[in-house]
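Here's a structure for you.
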Amino acid sequence: MEITSRDLWTVIHGMGFGALFMLAFSAALAELYRLSAAKVPSQQSSQAHTLLTLYLGAMVILAWLAVFSGAYVIYPWYRAVPPAGLTDLSEYPRRLLLSSGKTSEWHNIGMEWKEHVSWIAPIAITMVAYVFAKYGRAFAKFEHLRTAVLTFAVIAFVATGVAGAFGAFLNKYAPVRGGTVIILMGEEGGGE
């Protein structure tokens, strides 16, 4: 069993940083909603506030790692230009998608979303974490602020979900391939 270094980076980017970030939303959104929905909000204990602050901080790190690994590790491989006259575009995902009218929209819509709009997620969750940490336990006193923070958390969630879905589809139609082969199981050069 083997994987290439580019495949591994794609897995780290999408299933590592991106999927963990998406999973983290379940607890964060539930707690932010609990704090935001009540007309008379319950006061958070100091320990609960510290825990949510650290949790949101970890989400910020995951979000930025997902976007930076996508933009600066995966994307250069995706947009690589093939040599003139090359007909097998399997190692050049962008050109492979654009070579057919049936797949060109995956680049024109899907990758354009990932290239630009996916930056909203880390920016929005960074704002959520900063405001929550800045206001401390007094956060519960400001209804409009609580609503704004919850709204930005939902925006980050939606942007991440759409970017992740497009990423999965793009990787199905035009995966980033190549790089060093990493043997996970078995022996190098072994038989079937």
Side-chain angles (χ1 to χ4, degrees), residues 8-76 78-79 105-172 176:
L8 180 61
W9 270 107
T10 301
V11 169
I12 291 169
H13 161 71
M15 296 304 295
F17 304 139
L20 286 175
F21 180 58
M22 285 294 291
L23 286 171
F25 270 108
S26 58
L29 286 175
E31 184 62 11
L32 289 170
Y33 178 76
R34 187 186 71 75
L35 292 170
S36 302
K39 290 295 178 194
V40 181
S42 60
Q43 187 69 15
Q44 250 191 335
S45 71
S46 178
Q47 182 181 9
H49 181 81
T50 301
L51 182 61
L52 185 54
T53 300
L54 292 172
Y55 193 84
L56 291 170
M59 289 180 69
V60 167
I61 292 167
L62 286 170
W64 284 109
L65 286 171
V67 169
F68 284 148
S69 65
Y72 299 111
V73 177
I74 309 297
Y75 186 62
Y78 170 83
R79 69 173 184 213
E105 290 306 308
W106 282 113
H107 169 77
N108 296 334
I109 295 171
M111 189 49 93
E112 291 299 322
W113 175 278
K114 286 183 68 64
E115 286 176 42
H116 303 293
V117 181
S118 63
W119 287 85
I120 291 172
I123 292 168
I125 202 66
T126 300
M127 186 284 297
V128 166
Y130 175 79
V131 169
F132 187 79
K134 172 89 172 148
Y135 279 84
R137 291 178 62 202
F139 176 80
K141 296 178 186 174
F142 302 101
E143 182 179 351
H144 293 301
L145 183 65
R146 294 189 324 259
T147 302
V149 164
L150 181 61
T151 301
F152 271 86
V154 169
I155 288 169
F157 176 73
V158 170
T160 303
V162 174
F166 276 131
F169 288 126
L170 285 162
N171 197 50
K172 176 181 174 17
V176 174

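Being a predicted model, the structure only gives us computed values, none of them experimental.
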Q: Flag yes if more than 12 heavy atoms outside Tyr75 fall under 6.0 Å of its OH atom; otherwise flag no.
A: yes
Q: Just say parallel, tilted or perpendicular for the rings of Trp106 and Phe169, cut-offs at 30° and 60°.
A: tilted
(Q) If you define the side chain from C-beta out and look only at heavy atoms, does anything of Arg79 sit under 4.5 Å from His107? (A) no
Q: Compare all side-chain heavy atoms of Trp64 with those of Trp119 and state whether any distance is below 4.5 angstrom.
A: yes
Q | Flag if over 12 foreign heavy atoms under 6.0 Å of CZ, Phe68 | A | yes
Q. Quick one: salt bridge (Lys or Arg N to Asp or Glu O under 4.0 Å) pairs with a partner in residues 11-33, sequence neighbours left out?
A. Glu31-Arg34
Q) Taking the side chain from His13 and the backbone from Ser69, do they hold a donor-acceptor pair closer than 3.5 Å? A) no
Q.
My understanding is that only residues two or more places apart in sequence, or in another chain, count here; which of them pass ring pair (Phe, Tyr, Trp, His ring centres under 6.0 Å) with Tyr55?
A. none
Q) Crowded around Phe152 CZ? As in, over 12 foreign heavy atoms under 6.0 Å? A) no
Q) Parallel under 30°, tilted from 30 to 60°, perpendicular over 60°: which one fits the rings of Phe166 and Trp113? A) tilted
Q. Does the gap between the ring centers of Phe139 and His49 come in under 6.0 Å?
A. no
Q. Any idea how Phe21 and Phe25 line up, ring-wise: parallel (<30°), tilted (30 to 60°), or perpendicular (>60°)?
A. perpendicular
(Q) Looking at Ser26 and Leu23, would you say the former's side chain and the latter's main chain have a donor-acceptor pair under 3.5 Å? (A) yes
**Q.** Note, Val128 side chain near Leu32 side chain (heavy atom, < 4.5 Å)
**A.** yes
Q) Say you draw a straight line from CE of Met59 to CG of Leu20; how long is it, rounded to the nearest 0.5 Å? A) 11.0 Å
Q. Within a radius of less than 6.0 Å around NE2 of His144, do more than 12 heavy atoms belonging to other residues, nucleotides or ligands occur?
A. no
